[in-house]
Amino acid sequence: MSVGIWTFSFDGKEIGEVRDAASEIEELGFDTLWFGEHLGREAFTQAGLLLAATSRLTVATGIARFDQREPATAAAAGRTLAEAYPGRFVLGLGGHRQGTKPLGAMRGYLDGMDRTELSTPDSPHRRLLAALGPKMLSLAAERADGAHPYFVPVEHTALAREIMGPSAYLAVEQAVVLGSDREIARTHVSMYLELAAHHRANLRRFGFTEENYGSDRLVDTLVAVGEDAISARIQAHLDAGADHVCLQVLTGDERIPLAEWRILSEVAGSVRKRDVTG
């Protein structure tokens, strides 16, 4: 069982502060550091910076946007990082290309990566897809090592495991709030529901419609608020079939949430102990 940290908080921060934060995540005992790619640093470059700042930590793109680079570039960058840091780099792929259907676009991108002839050594690393729907989950099992679902309920984890089978790797993002401020969670949920049609479509699979968008039930389904809820949610994802749960701390501000990560290391530690002792 493994628990990691997922963050957007490195964007806009000085690189020294980012390096120090990665080093602390490693010392706190988390096994993987995930970061998103939006308007900040280029994903593979930042992964290299984080890997260089640590010695044991796995670094994962969550996700590197396939619409921002050619397949050959992604393939070469992934193999370079895997060669330099054996066993410590995970390539999460996702994104959207206007005017194309997501499934066909991703399949074509993977085709391009796989037929690229590279002079870099064939260094193995995990390749995961940002999969939500059944067809993309099937593609993740067929053409990648598994999936990295984001903004999903526990029921999705069970569905993903059923579709992908027992051997695919399933790394699930889980948003959390330390304390009791549900409004921070509500703002996060509202933002994604407003901006991302694919997330709305995914939630409809589990019975959530526009009538539920502002409800406490939906907010609590997607965001674990408070330490007890966080611990229970990690365990629920694991029980539903996740191999790994990566926790995204929501704070309502743009700082790197070191204080919250320190608390989460204790919460995750208690889940690990309960899992071992049964």
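Index from 1, following the sequence. These values consider heavy atoms only, across backbone and side chains, with no hydrogens, waters or symmetry-generated copies.
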Go through the structure and list residues passing salt bridge (Lys or Arg N to Asp or Glu O under 4.0 Å) with [X], not counting sequence neighbours.
X      : result
Glu142 : Arg107
Glu24  : Arg262
Asp20  : none
Arg69  : Glu37, Glu42

Just so I know, are the side chains of [X] and [Y] near enough to count as touching, which here means a heavy-atom distance under 4.5 Å?
X      : Y      : result
Leu178 : Ile230 : yes
Trp261 : Ser9   : yes
Phe208 : Thr221 : yes
Leu203 : Leu222 : yes
Met191 : Val189 : no
Asn202 : His156 : yes
Val3   : His244 : no
His188 : Ile184 : no

Next on the checklist: If you apply the rule side chain to side chain contact (heavy atoms under 4.5 Å, CB included), what do you find for Leu81 with Val59, and how did you get there?
Outcome noted: CA-CA 10 Å; Leu81 290 173; Val59 172; over 6 Å; no
Please answer whether the main-chain N or O of [Y] pairs with a side-chain N or O of [X] as donor and acceptor at a distance below 3.5 Å.
X     : Y      : result
Glu83 : Pro121 : no
Thr54 : Leu50  : yes
Glu26 : Arg56  : yes

Verify the cluster assignment for [X] and [Y]: are they in a single hydrophobic cluster under the rule of side-chain heavy atoms below 4.5 Å apart?
X      : Y      : answer
Leu110 : Leu103 : yes
Phe89  : Ile63  : no
Phe206 : Leu218 : yes
Ile5   : Leu91  : yes
Phe44  : Leu128 : no

Can you tell me if [X] has over 12 outside heavy atoms packed within less than 6.0 Å of its [atom1]?
X      : atom1 : result
Glu183 : CD    : yes
Glu254 : CD    : no
Glu155 : CD    : yes

Next on the checklist: I need the minimum non-hydrogen distance between Asn212 and Ser215, along with the two atoms involved.
Outcome noted: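 Here Asn212 and Ser215 meet closest at O-OG, 2.7 Å.
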Next on the checklist: Testing the basics here: between Asp216 and Arg186, what is the closest heavy-atom pair and its distance to 0.1 Å?
Outcome noted: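 Heavy atoms of Asp216 and Arg186 come nearest at OD1-NH2, 2.6 Å.
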Item to check | Test log, rule side chain to side chain contact (heavy atoms under 4.5 Å, CB included), inputs Ile234 and Gln174 | outcome: CA-CA 8 Å; Ile234 296 170; Gln174 174 62 58; 5.9 Å; no
Show me the side-chain donor-acceptor pairs of residues 143-152 shorter than 3.5 Å, one per line, residues at least two apart or across chains.
unit_1	atom_1	unit_2	atom_2	d
Arg143	NH1	Asp111	OD1	2.9
Arg143	NH2	Asp111	OD1	3.0
Arg143	NH2	Asp114	OD2	3.0
Asp145	OD2	Arg127	N	2.7
His148	ND1	Ala171	O	3.0
His148	NE2	Trp6	NE1	3.2
Tyr150	OH	Tyr192	OH	2.6
Tyr150	OH	Gln248	NE2	3.0

Atom pair [atom1] ([X]) and [atom2] ([Y]), whose distance is rounded to the nearest 0.5 Å:
X      : Y      : atom1 : atom2 : value
Glu194 : Arg200 : CD    : CZ    : 9.0 Å
Arg19  : Lys13  : CZ    : NZ    : 16.0 Å
Met164 : Leu139 : CE    : CG    : 11.5 Å
Ser55  : Glu27  : OG    : CD    : 7.0 Å
Thr187 : Leu250 : OG1   : CG    : 9.5 Å
Leu247 : Thr7   : CG    : OG1   : 11.5 Å

Checklist entry - Stepwise, does the side chain to side chain contact (heavy atoms under 4.5 Å, CB included) test hold for Tyr213 with Ser190? => result CA-CA 7 Å; Tyr213 285 175; Ser190 297; over 6 Å; no
Checklist entry - Is the Lys NZ or Arg CZ of Arg41 less than 6.0 Å from the centre of Phe10's six-membered ring, within 45° of the axis? => result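 Arg41 over Phe10 ring: no.
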Item to check | Pairs involving residues 157-172, ordered by first then second residue, that meet salt bridge (Lys or Arg N to Asp or Glu O under 4.0 Å) (sequence neighbours left out) | outcome: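 The answer is Arg161-Asp243.
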Checklist entry - Which pairs count as salt bridge (Lys or Arg N to Asp or Glu O under 4.0 Å) when at least one residue sits in residues 218-238, sequence neighbours excluded? => result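 Salt bridge (Lys or Arg N to Asp or Glu O under 4.0 Å) check on residues 218-238 returns Arg182-Asp220.
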Next on the checklist: I'd like to know if Glu260 pairs up with Arg255 as an ion pair, taking the criterion as any Lys NZ or Arg NE/NH1/NH2 lying under 4.0 Å from an Asp or Glu carboxylate oxygen.
Outcome noted: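 Judged by the 4.0 Å cut-off on N to carboxylate O distance, Glu260 and Arg255 do form a salt bridge.
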Side chain to side chain donor-acceptor pair (under 3.5 Å) with [X]: which residues, sequence neighbours excluded?
X      : result
Ser123 : none
Glu117 : none
Asp11  : none

Item to check | Partner residues of Asp122 under the side chain to side chain contact (heavy atoms under 4.5 Å, CB included) criterion, sequence neighbours left out | outcome: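 With sequence neighbours excluded, Asp122 shows a side chain to side chain contact (heavy atoms under 4.5 Å, CB included) to Arg79, given in chain and number order.
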Checklist entry - Are side-chain N/O atoms of Thr58 and Arg126 paired as donor and acceptor at under 3.5 Å? => result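 The answer is no; no qualifying pair exists.
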Could you go through residues 94-102 and list every donor-acceptor pair under 3.5 Å that involves a side-chain atom there, pairing it with any protein atom two or more places apart or in another chain?
unit_1	atom_1	unit_2	atom_2	d
Arg97	NH2	Phe66	O	3.3
Thr100	OG1	Arg97	O	2.7

Item to check | Criterion side chain to side chain contact (heavy atoms under 4.5 Å, CB included) on His125 and Val90, from CA distance to verdict | outcome: CA-CA 6 Å; His125 59 82; Val90 174; over 6 Å; no
